[in-house]
Amino acid sequence: MDLPVELQSLVDIHDQPFLMVDHQCRVVAINRAFEETFGVARPDALSRPCHSILDRTRTPFPCGSDREKCPFVEVFQERRSKTVVHGYRDPEGREHMLRIHAYPLGAENGQALLGELIQRDADRAHPLSDRSVCPGATMVGNTPVFRQTLEALKRAGATEAPVLLRGQTGTGKELAAAYVHRHSVRRDGPFITLDCTALTGELFESEVFGHARGAFTGSAGEKRGLYEMADRGTLFLDEIGEMPLPLQSKLLRVLESGTYRRVGGTRTRRADVRIVSATNRELRDVPWFRTDLYYRVACLTVTLPSIAERRADIPLLAAELLRRIGQSSGHWYSIDDSGIERLMDYSFPGNIRELRNVLWVAAVNAPEGRISAEQITAALPECSNDRDAAAPIAIVADPRFEPTPAFSGRRARHVWEADYFAQVLRRHNGNRQAVAHELGVSERTVYRKLRRFGLS
């Protein structure tokens with residue numbers, strides 16, 4: 001099938017390997033990152049079954065010509081996302097684990113499509129900072145609740161105690177975990193992520209502890225597990241509340257003793273690992289989560305605020321996310337006042353992740369990279385198209401203003417814009433030309449805003 005231009009642009013804008021398949025699991029698009037990572041040329045991949053593109057190992061998911069064995073069938077059937085882990089063998093014969101996030105998509109002609117965002121977990125063995133979770137990424141914000149959270153993360157990083165990060169889906173828990181790692185004595189060690197939602201019983205021990213040569217069919221060589229890779233560094237247990245009960249006892253055993261054995265091996269090994277976990281649940285209320293494991297991972301707890309609690313940071317977040325999108329696509333994007341105002345009108349139940357996705361789609365449709373309210377409205381869910389239906393905003397985030405019971409939309413936007421403009425001004429040490437370039441406006445406009453907001 002011929003892929004619509006806007007969907008091909010959505011594929012190309014990802015900075016990680018991404019492919020799109022149709023309802024027959026045949027590839028309809030791949031991006032440049034996929035070509036470079038796996039050495040597969042786009043013409044050679046199109047129209048082929050997705051399982052045939054990479055040399056995937058027989059375990060843990062035996063993909064093949066039988067579509068019923070595809071782990072993503074339910075994504076098509078139920079139209080909901082899913083994450084799995086695949087074994088992958090590179091051209092040199094080395095085995096890696098691929099974490100694959102699948103999302104339901106759709107074209108204008110009604111064709112059901114599926115997008116696969118791929119992460120090579122083996123690549124996470126290298127030293128990482130908070131900017132390495134997403135290349136060029138950093139935590140941004142200036143609201144009091146964000147600054148308090150950042151201070152709590154710094155204090156947690158200064159200790160060796162296990163940290164539990166709590167927050168709604170999409171609040172940036174992995175980025176926060178990397179921030180803790182960066183501000184710890186282990187900053188020069190590895191930062192390894194273990195996605196607890198993607199592990200099955202038979203995969204857990206091989207993925208976490210590694211395996212010896214010949215441990216099972218297809219294991220041609222030895223493989224280091226994620227716990228071993230994290231030695232003298234940090235192991236991030238993402239969404240630990242989703243871990244099945246049988247696996248919790250295995251994890252608890254290695255966390256308490258620091259010792260383990262590779263699958264099929266006889267040698268007892270030891271690793272010095274700092275644990276940071278994340279959850280979108282209250283673990284003490286989860287009936288299948290072990291109490292002893294909870295107290296092992298939740299020595300220090302930091303709660304990450306939702307966008308609803310830091311709404312005044314939306315302009316800063318949007319600017320940072322557009323910068324990342326621009327880096328990955330090789331284009332420069334900016335958003336005008338009407339676009340920011342439209343973002344302010346929306347509640348973002350999916351938090352920063354949803355904001356990023358909205359900006360991705362808006363950037364694809366933005367003429368000359370300039371995003372306005374029109375592109376933002378088109379990218380938001382259908383239920384949000386009526387601006388009058390947006391919830392009234394009653395948040396005061398700028399410490400320079402006296403708290404009031406509520407702000408009208410106009411006055412609140414004035415506060416947010418003034419704070420955002422002051423941030424850009426400080427970042428460029430008052431250089432009007434640099435400020436104008438970042439904001440995509442003229443120097444004359446910068447001068448008018450300086451007078452309007454009483455800044456110098």
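Only heavy atoms go into these numbers, but all of them, side chains included; no hydrogens, no water, no symmetry mates.
Side-chain atoms of S338 come within 3.5 Å of backbone N or O of A373 as a donor-acceptor pair. The backbone N or O of G167 sits less than 3.5 Å from a side-chain atom of K173, completing a donor-acceptor pair. The main-chain N or O of S306 is never found under 3.5 Å from a side-chain atom of Q168 such that the two would form a donor-acceptor pair. Listed for the D238 side chain is no donor-acceptor partner under 3.5 Å among the backbone atoms of A278. T377 places no side-chain N or O within 3.5 Å of a backbone atom of E374 that could act as its donor or acceptor partner. No donor-acceptor pair under 3.5 Å is formed between the side chain of E36 and the backbone N or O of A33. Looking only at distances, a side-chain donor or acceptor of D313 sits under 3.5 Å from a matching main-chain atom of N142. At least one donor-acceptor pair under 3.5 Å links the side chain of R311 to the backbone N or O of M344. Without hydrogens or angle criteria, H181 side chain to G189 main chain gives a donor-acceptor distance under 3.5 Å. N280 contributes no side-chain N or O that, together with a main-chain N or O of T169, makes up a donor-acceptor pair within less than 3.5 Å.
In this structure, the side chains of R310 and L317 come closer than 4.5 Å at one or more pairs of heavy atoms. Looking at V361 and N357, their side chains never come closer than 4.5 Å, going by heavy atoms from C-beta outward. Side-chain contact between L251 and Q248: absent, with no pair of heavy atoms (C-beta onward) separated by less than 4.5 Å. With a 4.5 Å cut-off on side-chain heavy atoms, T193 and F191 count as touching. Side-chain contact between F146 and M139: present, with at least one pair of heavy atoms (C-beta onward) separated by less than 4.5 Å. No side-chain heavy atom of L235 sits less than 4.5 Å from a side-chain heavy atom of M229. Residues R274 and V180 have side chains in contact (heavy-atom distance under 4.5 Å, counting atoms from C-beta outward). In this structure the side chain of E239 never reaches within 4.5 angstrom of the side chain of R281, judged on heavy atoms.
Rounding to the nearest 0.5 Å places CD of E116 at 4.5 Å from CG of L19. L175 CG to F236 CZ: the interatomic distance, rounded to the nearest 0.5 Å, is 10.0 Å. Rounded to the nearest 0.5 Å, atoms CG (L322) and CD1 (I371) are 4.5 Å apart. To the nearest 0.5 Å, the span separating OG on S372 from CD1 on I340 amounts to 11.5 Å. Summarising the geometry, atom CD1 belonging to I240 is positioned 4.0 Å from atom CZ belonging to F289; distances are rounded to the nearest 0.5 Å. Rounding to the nearest 0.5 Å places CE of M243 at 11.5 Å from OG1 of T279.
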Could you pull out every donor-acceptor pair under 3.5 Å between side chains of residues 293-304 and any protein atom, sequence neighbours left out?
{"from": "Y294", "atom 1": "OH", "to": "R284", "atom 2": "NE", "distance (Å)": "3.3"}
{"from": "R296", "atom 1": "NH2", "to": "L255", "atom 2": "O", "distance (Å)": "2.6"}

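In this structure, Y227 and G258 approach most closely via the heavy-atom pair OH-CA, 3.7 Å. What you find for P17 and T37 is that their closest heavy atoms are CG-OG1, 3.5 Å. Heavy atoms only, all atoms of each residue included: A156 and T159 are closest at O-OG1, 3.0 Å. Minimum interatomic distance between G241 and L283 (heavy atoms only, all atoms of both residues): CA-CD2, 3.5 Å. Nearest heavy atoms, L165 versus A177: CD1-N, 3.6 Å. Shortest non-hydrogen contact noted between V27 and C50 is CG2-CA, 3.9 Å.
In this structure, E320 pairs ionically with R324, as a charged nitrogen and a carboxylate oxygen lie closer than 4.0 Å. The pair E160-R186 counts as a salt bridge, with a side-chain nitrogen and a carboxylate oxygen less than 4.0 angstrom apart.
Atom CZ of R269 has more than 12 neighbouring heavy atoms from other residues, nucleotides or ligands inside a 6.0 Å radius. More than 12 heavy atoms of other residues, nucleotides or ligands lie within 6.0 Å of CZ in R48, so this atom counts as buried by the packing criterion.
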Apply side chain to side chain contact (heavy atoms under 4.5 Å, CB included) to residues V273 and V254 and explain how you reach the verdict. CA-CA 10 Å; V273 178; V254 69; over 6 Å; no
Do E282 and R166 pass the side chain to side chain contact (heavy atoms under 4.5 Å, CB included) test, and can you show the C-alpha distance, the side-chain angles, and the key distance before you say yes or no? CA-CA 8 Å; E282 174 51 72; R166 294 190 305 187; 2.5 Å; yes
Assess the residue pair I376 and L359 against the criterion (side chain to side chain contact (heavy atoms under 4.5 Å, CB included)); give the C-alpha distance rounded to whole Å, side-chain angles, the decisive distance to 0.1 Å, and a yes or no. CA-CA 7 Å; I376 295 297; L359 291 172; 4.0 Å; yes
Check against side chain to side chain contact (heavy atoms under 4.5 Å, CB included), L113 and V21: CA-CA 6 Å; L113 299 171; V21 301; over 6 Å; no
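Test R262, R261, R267, R270 against E228 for salt bridge (Lys or Arg N to Asp or Glu O under 4.0 Å) and you get one pass: R262.
Applying the ring pair (Phe, Tyr, Trp, His ring centres under 6.0 Å) criterion to F348, with sequence neighbours excluded, gives Y346.
Sorted by first and then second residue, the salt bridge (charged side-chain N to carboxylate O under 4.0 Å, His left out) pairs with a member in residues 346-368 form an empty list; sequence neighbours excluded.
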